There are 2 protein chains.
Amino acid sequence: MMTTVRPYARVLDRLKSAGLRPTRQRLALAKLLLEDSDRHVTAEQLHGEAIDAGIKVSLATVYNTLHQFTKAKLLREVVVESGRAYFDTNTSDHHHLLNEDTGELSDISDSDIQLSQLPSPPSGTKIDRIDIIVRVKSDS
Amino acid sequence: MMTTVRPYARVLDRLKSAGLRPTRQRLALAKLLLEDSDRHVTAEQLHGEAIDAGIKVSLATVYNTLHQFTKAKLLREVVVESGRAYFDTNTSDHHHLLNEDTGELSDISDSDIQLSQLPSPPSGTKIDRIDIIVRVKSDS
DNA sequence: GTGTTTGCAAAGTGTTTGCAATTTA
DNA sequence: TAAATTGCAAACACTTTGCAAACAC
């Protein structure tokens, strides 16, 4: 019992400290998402998982929730292709490897990639974030 | 006269060597696109420019043409946000700087950014391309 | 109770497709 | 004239929105 209660409490605290009311749907989605630390999901995928898990939630709410979580820094949005939004449960500094054949997206830890030279940002601006996507394909 | 004929011929040759029939629409779009070397356009933008220039072309044809040009390596697609495709007239190795406040996208030359360490691609795959997007915002 | 959140369906993007009419070589 | 290309409208995938009902505090 403890083993199920503890992660639930952890998720609840994370929602609370993000200023998000721990509603039934948000808690359930947060549990699905935040329990694992290296997930890349689309809204559609997460909705499917929630339904499979017996959670009654609409796709619109999944979208809204994903954006609220992103704004609260519980998630990060990754843009790899136009027309589909991926959300990453790993919010620490890191980059991505995309298999163009399979569409599979995986993390590259910040320490596995080194930028030794950077342009200086135009005056009046500062660097918000640097996204690196290493696109690979079958070498056959 | 010469000054207008020459770029037209250049564009015509580029279409021909890409194996694309130089139709009226393709020639016109190619002229709009390929004359300048650092453009980032959306289909909608280019369609607007074509109409303004008095070229009769449909949005569907603009989309088709952009994709044909991309396949023929006359353009390169840049993914900066989900839900909108940008096409870059600069097909050489380079990266991008995105102003998140204005949406403005500009080039970073390959020599202004140095990757000193890279992960090795998973076995059976090879690196196709590395996309780096430096996202900046107002520092106020 | 009061303000927030939800679900639904409807509307909104941006993009692609099917097919008859047109154009090109 | 044969094959490729075009335009249109309709279909598409993904995402957002408006609003009444349900819920959390």
Side-chain angles (χ1 to χ4, degrees), chain A residues 8-9 11-32 40-51 53-72 74-75 77-87 103 105, chain B residues 8 11-13 15-32 40-51 53-72 74-75 77-87 103 105:
Chain A
Y8 179 90
V11 158
L12 190 138
D13 286 342
R14 294 187 68 184
L15 286 187
K16 278 190 180 165
S17 49
L20 294 169
R21 275 198 189 173
T23 63
R24 204 182 334 290
Q25 287 83 344
R26 290 217 271 239
L27 267 171
L29 295 177
K31 277 197 76 178
L32 285 176
H40 304 96
V41 294
T42 64
E44 203 100 25
Q45 266 170 32
L46 182 60
H47 183 237
E49 285 181 29
I51 297 301
I55 300 153
K56 202 173 157 296
V57 63
S58 73
L59 182 57
T61 297
V62 172
Y63 272 107
N64 291 337
T65 304
L66 286 171
H67 286 139
Q68 290 156 353
F69 284 9
T70 301
K71 192 150 38 157
L74 267 46
L75 295 177
E77 190 173 351
V78 191
V79 181
V80 285
E81 48 178 317
S82 52
R84 185 173 245 98
Y86 283 86
F87 294 86
L105 188 64
Chain B
Y8 180 90
V11 157
L12 190 137
D13 287 342
L15 286 187
K16 277 190 179 165
S17 48
L20 294 169
R21 276 196 187 174
T23 64
R24 204 182 334 291
Q25 287 84 343
R26 291 217 270 240
L27 268 170
L29 294 178
K31 277 198 75 179
L32 285 176
H40 304 96
V41 294
T42 65
E44 202 100 27
Q45 266 171 31
L46 182 61
H47 183 237
E49 285 181 30
I51 297 300
I55 300 152
K56 202 174 156 297
V57 64
S58 73
L59 183 55
T61 296
V62 173
Y63 273 107
N64 291 336
T65 304
L66 286 171
H67 286 138
Q68 291 155 353
F69 284 9
T70 301
K71 191 148 43 160
L74 267 48
L75 294 178
E77 190 173 352
V78 191
V79 181
V80 285
E81 48 178 316
S82 52
R84 186 173 245 98
Y86 284 85
F87 294 87
L105 187 64

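Protein chains get the first letters and strands the later ones, always in sequence-line order, with residue 1 at the start of each. Any value given below was found using the heavy atoms of this structure, including those in side chains, with hydrogens, waters and symmetry copies removed. From a predicted model like this one, the values you see are computed outputs, not experimental measurements.
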Participant: Can you establish whether the number of heavy atoms outside Glu44(B) located under 6.0 Å from its atom CD is more than 12?
Facilitator: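 Counting neighbours around CD of Glu44(B), 12 or fewer heavy atoms of other residues, nucleotides or ligands fall under 6.0 Å, so no.
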Participant: Minimum heavy-atom separation for Gln25(B) to Thr61(B), with atom names?
Facilitator: CB-CG2, 4.4 Å
Participant: Tyr86(B) OH to dT13(C) C1': how many Å, rounded?
Facilitator: 14 Å
Participant: Can you confirm whether Leu74(A) sits close enough to Leu15(A) that some side-chain heavy atom of one is under 4.5 Å from a side-chain heavy atom of the other?
Facilitator: yes
Participant: Round to a whole Å and report the spacing from CZ of Phe87(B) to P of dT15(C).
Facilitator: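 Nearest whole value for this atom pair: 7 Å.
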Participant: Taking the nucleotide of DNA chain C with the nearest heavy atom to each, does Arg84(B) or Pro22(B) sit closer to the 5' end?
Facilitator: Arg84(B)
Participant: Taking all non-hydrogen atoms of both residues, which atom of Glu77(A) and which atom of Thr70(A) are closest, and how far apart?
Facilitator: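 Minimum heavy-atom contact is N-CG2, 4.2 Å.
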Participant: Taking the ring centre of each residue, are His67(B) and Phe87(B) less than 6.0 Å apart?
Facilitator: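 Yes: the rings meet the under 6.0 Å criterion.
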Participant: Take atom CD of Glu77(A) and atom C1' of dT16(D), then tell me their distance rounded to the nearest Å.
Facilitator: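 Checked: the CD to C1' distance equals 13 Å.
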Participant: Sugar-phosphate atoms are those with a prime plus P, OP1 and OP2; base atoms are the rest. Using that split, label each nucleotide of nucleotides 4-9 of chain D B, S or - for protein heavy atoms under 4.0 Å, 5' to 3'.
Facilitator: SSSBB-
Participant: Which heavy atom of Ile55(A) sits nearest to which heavy atom of Ala28(A), and what is that distance?
Facilitator: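 Closest approach of Ile55(A) to Ala28(A): CD1-CB, 3.5 Å.
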Participant: Rounded to the Å, how far apart are Glu81(B) CD and dT13(C) P?
Facilitator: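 Interatomic distance, CD of Glu81(B) to P of dT13(C): 14 Å.
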Participant: What heavy-atom pair brings Val57(B) and Ala50(B) nearest, and what distance separates the two atoms?
Facilitator: CG1-CB, 3.7 Å
Participant: Could you state the CG-C1' distance from Leu27(A) to dT4(C), rounded to the nearest angstrom?
Facilitator: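 Rounded to the whole Å, the gap is 15 Å.
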Participant: If every non-hydrogen atom of Pro22(B) is compared with every non-hydrogen atom of Leu27(B), which pair is closest and at what distance?
Facilitator: O-CD1, 3.8 Å
Participant: His47(A) has an atom NE2; how far is it from atom P of dC14(D), in whole Å?
Facilitator: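 Taking NE2 of His47(A) and P of dC14(D), I get 14 Å after rounding.
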Participant: Could you give the CG-to-C1' distance, from Leu59(B) to dA11(D), as a whole number of Å?
Facilitator: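 Going from Leu59(B) (CG) to dA11(D) (C1'), I get 15 Å.
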Participant: For DNA chain D, what is the dot-bracket line, given that a base pair needs Watson-Crick (N1 to N3, plus N6-O4 or O6-N4) or G-U wobble (N1-O2 and O6-N3) geometry with both distances under 3.5 Å, and | means paired with another strand?
Facilitator: |||||||||||||||||||||||||
Participant: Within the pair Tyr63(A) and dT16(D), is there a side-chain N or O less than 4.0 Å away from OP1 or OP2?
Facilitator: no
Participant: Under 4.0 Å, heavy atoms only, any strand: does His67(B) hit a base, just the sugar-phosphate, or nothing?
Facilitator: sugar-phosphate
Participant: Rounded to the nearest angstrom, tell me the gap between atom CD in Glu44(B) and atom C1' in dT15(C).
Facilitator: 10 Å
